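This is a predicted model, so every value here is computed, not measured. Quick note: numbers below take in every heavy atom, side chains included, and nothing from hydrogens, waters or symmetry partners.
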Amino acid sequence: MVALAFAVLVLGAATTASARPKKQSAEHTATTTTNCHGTPLIMQGMDCPTRPVRAAEQQQQEQQQEQQQEQQEQQQEQQQEQQQEQQQATKRAERPRLTARGSSGAYIAPLQRTPSLSLPQPSAAPYIPPPVNNPSAQINQLNHSFPLNGGLGNNPTNRDAYIRYNLTR
């Protein structure tokens, strides 16, 4: 019985809730957040700013000041341009700088000069390898030179001593 009463109560509340008119959401209401000249509504107690009686004179003065500032800026720009031109005239011409892109960087090929026709080209000579430091060949050469050079100057008269002495030189 209690369950039945509870079910009727829940069903009655659902029907009255669906019969109510829906409230308008904030999206549909078009309320202004600012009033005169962009003053927020939070500042409603404050008066809207108005221009003083001499507004036309102030505008003219502001325009004149702006024109003077513009003229001064133009003069400064002209002076800077003249200084830059003078600096560029005294400097050497700068080469364009290339920025490296990627891992390889920029490759600039060297200038190729035309060969001079007045200089004769050297002829190709056969390759002569340097003498090999071969102890057995050197000992053989010292054996053959011993009869002619043995005992002359500081050379020893003994063949073995002659070979040892000249092999270490």
Side-chain angles (χ1 to χ4, degrees), residues 25-43 46 48-49 51-52 54-169:
S25 65
E27 296 173 5
H28 298 295
T29 59
T31 59
T32 58
T33 57
T34 60
N35 59 2
C36 62
H37 306 298
T39 305
L41 286 178
I42 295 173
M43 302 171 66
M46 300 183 75
C48 293
R51 290 205 173 240
R54 297 181 186 174
E57 292 176 3
Q58 287 181 353
Q59 285 179 349
Q60 288 177 354
Q61 288 176 356
E62 290 174 0
Q63 289 175 355
Q64 288 175 355
Q65 289 175 354
E66 289 175 0
Q67 289 175 355
Q68 289 175 354
Q69 288 176 353
E70 289 175 1
Q71 289 174 354
Q72 289 175 353
E73 290 174 359
Q74 289 175 356
Q75 289 175 354
Q76 288 175 354
E77 289 175 1
Q78 289 175 354
Q79 289 174 355
Q80 288 176 354
E81 289 175 1
Q82 289 174 354
Q83 289 175 353
Q84 287 177 354
E85 289 174 2
Q86 289 174 354
Q87 288 175 352
Q88 288 178 354
T90 58
K91 289 183 179 179
R92 291 191 294 169
E94 294 184 17
R95 295 182 180 178
R97 295 187 179 169
L98 300 176
T99 57
R101 296 179 185 258
S103 61
S104 65
Y107 174 75
I108 301 173
L111 296 174
Q112 297 292 329
R113 298 185 185 257
T114 57
S116 175
L117 297 177
S118 63
L119 297 175
Q121 296 292 330
S123 63
Y127 174 72
I128 300 172
V132 177
N133 191 7
N134 186 358
S136 64
Q138 195 172 1
I139 290 171
N140 191 15
Q141 189 266 335
L142 288 172
N143 272 333
H144 290 287
S145 69
F146 174 73
L148 298 172
N149 296 325
L152 295 177
N154 289 334
N155 288 333
T157 55
N158 183 2
R159 185 180 295 266
D160 292 338
Y162 174 80
I163 292 173
R164 273 191 235 109
Y165 177 77
N166 286 309
L167 190 63
T168 58
R169 290 170 105 191

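How far CG of Asn154 is from CG of Asn166: 10.5 Å, rounded to the nearest 0.5 Å. The NE2 atom of His144 lies 8.5 Å from the CD atom of Gln141; values are rounded to the nearest 0.5 Å. For the atom pair Ile163 CD1 and Asn143 CG, the distance stands at 4.0 Å (nearest 0.5 Å). Put simply, CZ on Arg159 and CG on Leu142 are 10.5 Å apart, with the number rounded to the nearest 0.5 Å. Rounded to the nearest 0.5 angstrom, Glu62 CD and Gln67 CD are separated by 12.5 Å.
A side-chain donor-acceptor contact under 3.5 Å links Asn155 to the backbone of Asn149.
Nearest approach of Pro135 to Asn133, heavy atoms of both residues: CD-O, 3.6 Å. Across all non-hydrogen atoms, the minimal contact from Phe146 to Pro156 is CE1-O, 3.9 Å. Residues Arg164 and Thr168 share a closest heavy-atom pair of O-OG1, 3.3 Å.
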Are Tyr162 and Thr157 close enough, and set up right, to give a side-chain hydrogen bond (donor to acceptor under 3.5 Å, both in side chains), and what steps lead you there?
-> CA-CA 7 Å; Tyr162 174 80; Thr157 55; over 6 Å; no
